[in-house]
Trainee: 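My questions will all concern the structure given below.
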Amino acid sequence: MITHEFLARPALEVAPDLLGTVIEHDGVAVRLTEVEAYAGEQDPGSHAFRGRTRRNEVMFGPAGYLYVYFTYGMHTCANVVCGTDGTAQAVLLRAGELISGEEAARSRRTSARTGRVPAVRDLARGPARLAQALGLTLDDYGADLLGPGTVRLLPGEERIDPGVIRTGPRVGVRGPGGDGTAYPWRFWIDGEPSVSDYRPAAPLRRRS
DNA sequence: GGATTGATAGTCT
DNA sequence: GACTATCAATCCA
């Protein structure tokens, strides 16, 4: 059982502990294999960096709720709000392994244009893919993950060996002091095929 | 009202 | 393996 106390800690501590846990929605369950911590307003990579807005409002609330945001106009990314009330910390769910509900997930992930079906291991590999495989939409924004709602966060079947947990820096995101320090705020399970490809540098494409 | 953001899918080498 | 167009909502002035 995952408790509120478990999530009401700094995102950096919660993130590695979330590896191996299961998020479930609408008949589809995914075992998390890759996550990324966001430390609120002090974190330039966080949506909360520029203060509280309508979109990120949930992050400023208590832990245990789902923060969903839109990207690419049609995709969504899911985050678990953690930390204490008001600190705007969250953990982005980057990738996971599908453990049940494969039918539904595959049908959701089937390309509407070409009808092509992704490989099984690709069904939840990537933040937007994971959210889509689970069927999460803005309707699920602010959902209570610990309550009896449609979206639930469950303990994993087996405990993850700390030895297989890997961390990496989020290149491009530097320390508050501009000292060039990159925080190793990305966590994944080593050897998992469902972990998304490592993209070192942010694809900075400035429009002219 | 206008500009920016953001991950993916599809295509090409 | 790598690159670019894509869409809609959100943010700021």
Side-chain angles (χ1 to χ4, degrees), chain A residues 11 15 18 23 25-26 28 30 32-61 65-81 88-98 101-102 104-143 151 168-174 182-183 185-189 192-208:
Chain A
L18 278 178
I23 184 168
H25 175 257
D26 198 20
V28 178
V30 169
L32 300 177
T33 55
E34 183 185 2
V35 298
E36 197 166 289
Y38 284 91
E41 293 179 274
Q42 64 187 25
D43 181 359
S46 169
H47 284 170
F49 180 55
R50 283 194 276 183
R52 182 178 192 147
T53 66
R54 205 161 95 214
R55 180 222 242 155
N56 62 29
E57 195 169 25
V58 178
M59 276 199 289
F60 289 81
Y65 290 88
L66 191 68
Y67 167 49
V68 182
Y69 67 88
F70 249 103
T71 181
Y72 185 29
M74 52 199 295
H75 292 291
T76 55
C77 296
N79 306 253
V80 175
V81 177
Q89 303 200 53
V91 175
L92 170 67
L93 312 181
R94 293 198 56 90
E97 172 196 10
L98 207 71
E102 188 180 315
R106 188 178 307 189
S107 122
R108 288 199 195 97
R109 294 271 293 108
T110 298
S111 168
R113 299 179 53 168
T114 65
R116 241 155 62 176
V117 182
V120 179
R121 55 174 247 178
D122 287 340
L123 287 178
R125 190 172 68 160
R129 292 169 170 180
L130 186 148
Q132 189 181 2
L134 285 171
L136 295 174
T137 68
L138 278 189
D139 290 340
D140 302 299
Y141 182 95
V151 191
R170 298 184 310 173
V171 179
V173 178
R174 306 194 177 282
Y183 296 133
W185 285 354
R186 191 170 180 179
F187 303 86
W188 69 92
I189 300 177
E192 279 287 340
S194 59
V195 172
S196 62
D197 295 332
Y198 183 47
R199 294 184 189 173
L204 181 61
R205 269 196 318 264
R206 262 284 185 267
R207 198 170 290 213
S208 58

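First the proteins, then the strands, lettered A, B, ... as listed; each starts at 1. Everything numeric in this text was worked out from a predicted model, so none of it was measured.
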Trainee: Rounding to a whole Å, what distance do you find between Asp122(A):CG and dG10(B):C1'?
Mentor: 14 Å
Trainee: For Ser107(A) and Thr110(A), what are the C-alpha separation, side-chain angles and deciding distance, and is it a side chain to side chain donor-acceptor pair (under 3.5 Å)?
Mentor: CA-CA 5 Å; Ser107(A) 122; Thr110(A) 298; 5.9 Å; no
Trainee: If you check the Arg109(A) side chain, which of dT8(B), dT11(B), dA9(B) turns out closest?
Mentor: dA9(B)
Trainee: Return the value, rounded to whole Å, for the distance between atom CD of Glu36(A) and atom P of dG6(B).
Mentor: 13 Å
Trainee: Calculate the interatomic distance between Tyr69(A) atom OH and dA7(B) atom P; express it in whole Å.
Mentor: 5 Å
Trainee: Report the distance from atom CG of Leu123(A) to atom P of dA9(B), rounded to the nearest whole Å.
Mentor: 11 Å
Trainee: Give me the residues of residues 47-58 of chain A where at least one heavy atom lies under 4.0 Å from an atom of DNA chain C, by number, or none.
Mentor: Thr53(A), Arg55(A)
Trainee: Thinking salt bridges, do Arg52(A) and Glu41(A) make one under a 4.0 Å N-O criterion?
Mentor: no
Trainee: Go through the steps for Val117(A) and Arg109(A) under the test side-chain contact (heavy atoms from CB on, under 4.5 Å), then give the verdict.
Mentor: CA-CA 7 Å; Val117(A) 182; Arg109(A) 294 271 293 108; over 6 Å; no
Trainee: Between dA9(C) and Thr71(A), is there an OP1 or OP2 to side-chain N/O distance shorter than 4.0 Å?
Mentor: no
Trainee: Between Thr114(A) and Met74(A), which has a closest nucleotide on DNA chain B that is more 5'?
Mentor: Met74(A)
Trainee: Kindly write out the residues that satisfy side chain to side chain donor-acceptor pair (under 3.5 Å) with Glu102(A), not counting sequence neighbours, or none if the list is empty.
Mentor: Arg106(A)
Trainee: Could you tell me whether the side chain of Gln89(A) and the main chain of Ala11(A) form a donor-acceptor pair under 3.5 Å?
Mentor: yes
Trainee: Calculate the interatomic distance between Tyr141(A) atom OH and dA9(C) atom P; express it in whole Å.
Mentor: 15 Å
Trainee: Partners of Arg116(A) by salt bridge (charged side-chain N to carboxylate O under 4.0 Å, His left out), sequence neighbours excluded?
Mentor: none
Trainee: Between C1' on dA9(B) and NE2 on His75(A), what's the gap in Å once rounded to a whole number?
Mentor: 7 Å
Trainee: Give the rounded distance in Å between these two atoms: CZ of Arg129(A) and C1' of dG10(B).
Mentor: 12 Å
